[in-house]
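Worksheet: the structure to be examined is printed underneath.
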Amino acid sequence: MWKATLAILTLMAQPVLSAEFQTLQGHGGPVKAVDMNSHIAVTASFDNALGLWTLDDGAPRWLEGHEAAVNTVLLINGNRAASGGDDFAVRLWDLRTGTSALFEGHQGKVIDLAVDKENDVLASASWDGTVRLWDMLGGTDVGVLTGHRGNVNAVEFAEDGQTLLTAASDGTIRRWSATDMAETAVLARHGFGINTLTLDEDAGWLAYGALDGGTRVLDLETGETLADLTADRRPILAMSQSPDGQLLAVGDGEGYIMVVNTETWSIVRDFRAAVRGPIWALSFDAASERIFAAGIEDTVYGWPLEGAGDAPKIGTAERSFLKNPAEMSNGERQFARKCSICHNLTADGPRRAGPSLYGVFGREAGTLEGYRYSDALLAADFQWSEDTVDKLFDLGPDHYTPGSKMPMQRITDPADRADLIAYLKTQTQGSAQ
């Protein structure tokens with residue numbers, strides 16, 4: 001069931017330039033992926049959640065189930081979506097109820113998904129070096145593809161449902177048989193890791209983007225290069241083909257989006273979409289008239305293709321972890337570096353991956369109402385105090401609260417820990433909750 005906190009539905013789309021420009025606001029961390037159809041969008045975020053948005057008003061519902069950052073999301077139809085995250089999990093969502101089925105088996109973060117709708121099979125690419133195939137009806141693992149020497153970053157199903165293409169940090173694109181889980185060909189060998197794949201079988205091409213900025217289009221039959229779209233920007237992090245097939249968008253680590261005509265392979269738009277940071281997420285709307293993108297900010301931006309370069313840019317909002325360290329005390333610097341991306345200091349702050357720290361001193365671990373804690377924190381038997389916060393960062397969460405959602409990190413200098421604790425005590429005043 002949807003949480004009572006869906007009062008956040010008042011977070012609406014913000015028309016800035018015209019009725020066509022839209023933002024999707026409400027996530028509590030950088031947005032890693034977006035997918036959409038003519039009515040809804042789904043987004044995946046560092047805040048451990050998916051956002052389900054109605055595009056007519058930009059209102060979100062939150063889909064919660066992942067135990068860590070969500071890296072990828074895929075709309076299967078109007079009622080189902082799949083997601084994968086840093087918790088090594090794949091989840092299949094019923095968008096009508098907000099519930100999900102958990103698919104377990106990966107030993108590394110899940111970074112990309114593809115679906116064979118005809119046979120109800122889902123493929124997941126992971127940094128454990130494998131691709132797993134899942135029977136979506138039965139919820140079972142039906143096969144594993146192994147052979148890449150490194151993280152698998154992208155996966156695509158061919159139209160026959162019996163062939164898959166994968167790309168990895170070993171710099172190769174490989175073709176596989178889904179029936180016997182065997183590699184059948186190496187389609188490309190790039191000198192650097194390949195991050196993205198886009199396949200158009202009807203037009204006979206495959207596009208990829210790589211760590212060194214390499215952006216190429218290959219003929220599916222011959223493997224010959226149809227177009228080299230490489231610009232002096234790296235790495236390539238996102239790709240999206242428009243629903244009408246006529247456009248390919250490419251997002252990079254320097255904040256640019258390049259839009260290319262897929263008939264002539266000429267550049268029709270090339271604009272800076274983010275003032276700082278990467279483009280992690282890209283998706284065209286159903287009409288192929290707008291491009292939606294996201295990066296280091298908590299907001300998804302949707303620009304009309306005409307005049308996109310003049311629209312507001314990602315990264316204009318102030319983020320504490322991006323502030324000038326020279327302008328902060330040492331305690332604030334430690335908070336900005338170690339805590340701010342996951343935690344608020346106030347009782348009424350925006351969504352974050354972790355619980356609010358307001359009133360944290362004197363609070364029993366795992367007891368803040370409304371936050372979905374890990375089993376490890378729910379079972380913890382201690383209060384947050386100067387001593388326990390000091391131990392948390394001295395030993396690291398993986399040792400002090402093993403099994404919790406807190407990332408593995410330490411503050412080894414006792415003076416830095418003391419400064420962080422002093423800063424927290426001044427910023428989180430409030431009764432224990």
Side-chain angles (χ1 to χ4, degrees), residues 3 5 27-30 45-49 64-69 85-89 109 298 318-433:
K3 290 189 172 183
T5 52
H27 270 299
S45 171
F46 188 89
D47 67 6
N48 303 357
E64 298 185 275
H66 282 282
E67 299 292 333
D86 277 5
D87 54 0
F88 307 172
K109 64 172 65 180
D298 302 346
E318 182 64 42
R319 297 301 303 266
S320 59
F321 58 85
L322 294 175
K323 288 175 63 177
N324 183 353
E327 298 175 357
M328 298 183 280
S329 67
N330 185 46
E332 186 180 2
R333 280 196 297 273
Q334 298 303 320
F335 175 78
R337 292 167 177 170
K338 301 292 185 178
C339 313
S340 65
I341 197 168
C342 291
H343 297 282
N344 288 309
L345 296 171
T346 61
D348 57 353
R351 290 176 55 84
R352 288 287 185 266
S356 170
L357 299 183
Y358 180 76
V360 66
F361 290 97
R363 187 165 75 207
E364 294 289 334
T367 61
L368 182 64
E369 185 176 352
Y371 181 75
R372 187 176 178 273
Y373 285 96
S374 62
D375 291 341
L377 262 293
L378 291 173
D381 185 22
F382 65 86
Q383 285 188 350
W384 291 114
S385 64
E386 292 183 34
D387 182 58
T388 55
V389 172
D390 182 76
K391 288 180 178 176
L392 174 73
F393 286 105
D394 183 20
L395 300 175
D398 52 321
H399 291 287
Y400 191 63
T401 55
S404 73
K405 293 186 281 187
M406 286 185 279
M408 293 181 288
Q409 57 183 343
R410 295 179 61 207
I411 300 176
T412 57
D413 188 334
D416 288 341
R417 296 198 301 272
D419 287 345
L420 171 63
I421 291 166
Y423 176 75
L424 290 175
K425 293 197 75 172
T426 63
Q427 297 297 315
T428 63
Q429 295 296 330
S431 59
Q433 300 180 31

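Throughout, residue positions are numbered sequentially from 1 according to the sequence presented.
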Steps toward side chain to side chain contact (heavy atoms under 4.5 Å, CB included) verdict (Glu327, Arg333): CA-CA 9 Å; Glu327 298 175 357; Arg333 280 196 297 273; over 6 Å; no
Nearest-0.5 Å distance, NZ of residue Lys338 to CZ of residue Arg417: 11.5 Å
Non-hydrogen side-chain atoms of Leu357 and Leu424 separated by less than 4.5 Å: yes
Qualifying residues under salt bridge (charged side-chain N to carboxylate O under 4.0 Å, His left out), relative to Asp87, sequence neighbours excluded: none
Nearest non-hydrogen partners of Ser356 and Arg363, listed with the distance: O-NH2, 2.9 Å
Pairwise distance CD(Gln427) to OH(Tyr358) - rounded to 0.5 angstrom: 12.0 Å
Stepwise side chain to side chain contact (heavy atoms under 4.5 Å, CB included) check, Thr367 with Leu377: CA-CA 9 Å; Thr367 61; Leu377 262 293; over 6 Å; no
Intermediate values then yes/no, side chain to side chain contact (heavy atoms under 4.5 Å, CB included), Cys342 and Phe46: CA-CA 9 Å; Cys342 291; Phe46 188 89; 3.7 Å; yes
Distance-minimising heavy-atom pair for Asn330 and Ala415: ND2-O, 4.4 Å
Result of checking Asp413, Asp416, Ile411 against Phe393 for side-chain contact (heavy atoms from CB on, under 4.5 Å): Ile411
Inter-residue atom distance Met328.CE - Gln334.CD, 0.5 Å rounding: 9.5 Å
Between CG on residue Leu420 and CZ on residue Arg337, distance to nearest 0.5 Å: 11.5 Å
Criterion side chain to side chain contact (heavy atoms under 4.5 Å, CB included) on Arg410 and Asp394, from CA distance to verdict: CA-CA 6 Å; Arg410 295 179 61 207; Asp394 183 20; 3.8 Å; yes
Shortest non-hydrogen contact between Pro402 and Ala376, atoms and distance: O-CB, 3.3 Å
Tyr400 to Leu392 - nearest heavy-atom pair and separation: CD2-CA, 3.8 Å
I'd like a table of donor-acceptor pairs (distance under 3.5 Å, sequence neighbours excluded) in which one partner is a side-chain atom from residues 378-386, with atom names and distances.
residue, atom, partner, partner atom, Å
Gln383, NE2, Glu364, OE2, 3.1
Ser385, OG, Asp387, N, 3.3
Ser385, OG, Thr388, N, 3.2
Ser385, OG, Thr388, OG1, 3.3
Glu386, OE2, Lys425, NZ, 2.7

Other residues, nucleotides, ligands: >12 heavy atoms within 6.0 Å of Lys391 NZ: no
Side chain Asp47, main chain Ala49, donor-acceptor under 3.5 Å: yes
Smallest separation among heavy atoms of Gln409 and Pro397, with atom names: O-CD, 3.1 Å
Rounded distance (nearest 0.5 Å) linking atom CG of Asp398 with atom OG of Ser404: 8.5 Å
Spatial distance of atom NE2 (His343) from atom OG1 (Thr428) [nearest 0.5 Å]: 12.0 Å
Shortest non-hydrogen separation from Glu64 to Arg351 and the atoms involved: OE2-NH2, 3.8 Å
